[in-house]
Amino acid sequence: MLSKKMLIGGQWIDSKRHYELRSPYNGQVIARIPLADRGDIEKALASAEQGAKAMRLLTSHERSAILEKVAQLFQERAEQCAAILANEAAKPLKAARAEIARTIETYKFAAEEAKRIHGETIPLDAAKSGAGRFGYTKREPLGVIAAITPFNFPFNLVAHKLGPAFAAGNAVVLKPASQTPLSALMTAQLFAEAGLPAGALNVVTGSGSEIGDVLVQDARVKMITFTGSAEVGRRIKEQAGLKRVTLELGSNSAVIIDSAEDLEAVAARCAEGAFSFAGQVCISVQRIFVQERLFESFVELLTERAKRLVYGDPHEDTTDISALIHTREAERIERWVAEAADAGARIACGGRREGGYYEPTVIVSRERNLTISCQEAFGPVVVVDHYHDWDEAISAVNDSAYGLQAGVYTTSISKAFDAVERLEVGGVIINDIPTFRVDHMPYGGVKNSGLGKEGIKYSIEEMSELKFVSFKL
Ligand code: NAP
């Protein structure tokens, strides 16, 4: 069996305890993974403090070159990395390859941004007492950053932590999700090959609920960057004290379909947004509000798309949808869909579970208080409803505890601008689904969807300290 080690202080290190990593698709054991304890976290933090000193001494050109090299190494090993995703996350190869392509772009953006971190001059003589002085700002690294990441984009979401952290000259202790450690360890290997100083990246594997608090509370950690569920995010914020925290959390993203020139293309995009990686995407399409005149045709087109999806082994090129990350998640979806059916919802297609697989499911319902609408589904289920008035659609989208992104299909420019003004979300995507992200755009939610922004340039701002300097002339 493949036996993995953690990277701490530039060394591959084992721990006293281990766990068996199993394939979500067939339950087979993939690897033996170290289960880090307090002692391992202590070593990782001590090493990161040294790593932070080394990173601070690198020029921006050197930091950029390391990130550029990592992008190149990912390019060379793209197929191997995609296979890791199929193995540990049951991500179908089509989606896995797309994630690796984005990971390469993310590191390239970080390499470019590393050369553009600068301050500004401040006209101090704008104040009476500022005359005869010269002022400017500069950005400095924070030091040690703790990064805690989820299972669903284990290469690219790690890249969204490491890319900007290293571009800004920080060191990182990374705790990947228990189900997806292999991608994080592969990333660590590529950074080591790219010449990152020892200690700048430390990867500790193991259970977040066991070691998370130790990492989050330690005074050497200057910032916590977390992507994951709202529940864990809230706990991290409570434990973090005065440390800087960014939280990229969940959502029950909605799309309004008010008018469209090609309803078939809209339905195809909605199916993609709802069922890609079995809906385990933070901006997955979960709620669709359709203008009543388009409603029946839209449901028919969406259902037809959902039925076409091919279930199977994530390693097969033809597979569109595979098992959910754990069977218990498929069981949770089963309960939520049953609750919806009991409340009178129509299951237009899908609605069946087989082990860890849940069929792509379209639910038609007028009831807006169902668990499957209000909570984050994080599974291959989408709820469709219709509306009469535009205002009703806007209110329906905003009637959520979450606010990550929303999509609006409209041919009316005034409705598009109205939606931009009134939707309570971090990103409004006009004439597309909310499941749109490219890796340099500002990204992050409001309400229970989180705090702070990602997107390389924006993360660098969060991951650096603005220092002010005044010279008396
Ligand atoms: P999760 O259960 O919250 O886990 C995320 C990470 O937190 C894992 O590494 C986990 O470790 C760790 N963790 C668990 N308990 C912890 C604790 N007490 N202290 C510190 N860390 C702890 O989320 P997930 O199931 O992996 O991912 C799905 C969630 O991520 C969804 O809610 C999704 O919307 C969200 N997400 C958001 C974005 C975004 O950018 N907004 C992107 C992707 C995903 P273990 O694995 O060991 O438990």
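When a ligand or atom number is given, it counts from 1 through the structure's own listing order. Residues take their numbers from the sequence shown, with the count starting at 1.
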Problem - Thr371 versus Glu339, side-chain donor and acceptor atoms under 3.5 Å - result: yes

Handout entry: Pair Ser183-Glu88, side-chain donor/acceptor within less than 3.5 Å
Key = yes

Among all protein heavy atoms in this structure, tell me which lies nearest to [atom], with the distance rounded to 0.1 Å.
{"atom": "atom 24 (P) of ligand 1", "result": "Phe151 CD2, 3.8 Å"}
{"atom": "atom 20 (C) of ligand 1", "result": "Gly212 CA, 3.4 Å"}
{"atom": "atom 28 (C) of ligand 1", "result": "Phe378 CE2, 3.4 Å"}
{"atom": "atom 41 (N) of ligand 1", "result": "Leu249 O, 2.7 Å"}
{"atom": "atom 35 (C) of ligand 1", "result": "Gly228 O, 3.2 Å"}
{"atom": "atom 48 (O) of ligand 1", "result": "Gly208 N, 4.0 Å"}
{"atom": "atom 2 (O) of ligand 1", "result": "Ser229 OG, 4.1 Å"}

Practice task
Scan His18, Arg17, Lys16 and name whichever one has a side-chain hydrogen bond (donor to acceptor under 3.5 Å, both in side chains) with Asp14.
Solution key: His18

Considering only heavy atoms of [X], which atoms of ligand 1 have at least one such atom less than 4.0 Å away?
{"X": "Thr227", "result": "5 (C), 36 (N), 37 (C), 38 (C), 39 (C), 40 (O), 42 (C), 43 (C), 44 (C)"}
{"X": "Leu157", "result": "42 (C), 43 (C)"}
{"X": "Ile148", "result": "6 (C), 7 (O), 9 (O), 12 (C), 20 (C), 21 (N)"}
{"X": "Pro176", "result": "9 (O)"}
{"X": "Lys175", "result": "9 (O), 10 (C), 11 (O), 45 (P), 46 (O), 47 (O)"}
{"X": "Leu404", "result": "41 (N)"}
{"X": "Gly250", "result": "32 (O), 34 (O)"}
{"X": "Ser178", "result": "45 (P), 46 (O), 47 (O)"}

Over 12 non-hydrogen atoms of neighbours within 6.0 angstrom of [atom1] in [X]:
{"X": "Glu193", "atom1": "CD", "result": "yes"}
{"X": "Arg352", "atom1": "CZ", "result": "no"}
{"X": "Arg220", "atom1": "CZ", "result": "yes"}
{"X": "Glu316", "atom1": "CD", "result": "yes"}
{"X": "Lys237", "atom1": "NZ", "result": "no"}

Below 3.5 Å, N or O to N or O, backbone or side chain included: is there any such pair between [X] and ligand 1?
{"X": "Ser207", "result": "no"}
{"X": "Pro150", "result": "no"}
{"X": "Cys282", "result": "no"}
{"X": "Thr149", "result": "yes"}

Heavy atoms only, cut-off 4.0 Å: how does [X] contact ligand 1, side chain, backbone, both, or neither?
{"X": "Asn152", "result": "side chain"}
{"X": "Glu376", "result": "side chain"}
{"X": "Tyr443", "result": "side chain"}

Problem - Distance flag, aromatic centroids of Phe191 and Tyr107, threshold under 6.0 Å - result: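 Yes, the ring centres sit under 6.0 Å apart.
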
Problem - Any protein heavy atom nearer than 4.0 Å to atom 32 (O) of ligand 1 - result: yes

Exercise for the section: Measure from NZ or CZ of Lys457 to the centre of the six-membered ring of Phe109, then state whether that distance is under 6.0 Å and the direction lies within 45° of the axis. Expected result: no

Practice task
Could you walk me through whether Asp40 and Lys43 pass the side chain to side chain contact (heavy atoms under 4.5 Å, CB included) test, one step at a time?
Solution key: CA-CA 5 Å; Asp40 297 317; Lys43 280 185 218 147; 3.8 Å; yes

Exercise for the section: Could you establish whether Gly206 and ligand 1 come within less than 4.0 Å of each other, counting only heavy atoms on the residue side? Expected result: yes

Exercise for the section: Mark the output for Phe226 as yes if a heavy-atom distance to ligand 1 is under 4.0 Å, and as no if none is. Expected result: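 Contact present.
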
Problem - Salt bridge Glu68-Lys115, side-chain N to carboxylate O under 4.0 Å - result: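 No.
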
Problem - For the student: nearest non-hydrogen atoms of Met55 and Pro197, plus distance - result: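 Met55 and Pro197 have their closest heavy atoms at SD-CD, 3.8 Å.
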
Exercise for the section: For the pair Ser284 (side chain) and Gly273 (backbone), establish whether a donor and an acceptor sit closer than 3.5 Å, ignoring hydrogens and angles. Expected result: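 Here the side-chain-to-backbone pair exists.
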
Practice task
Would you please classify the geometry between the Phe277 ring and the Phe153 ring as parallel, tilted or perpendicular, with 30° and 60° separating the classes?
Solution key: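 Aromatic pair Phe153/Phe277 classed perpendicular.
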
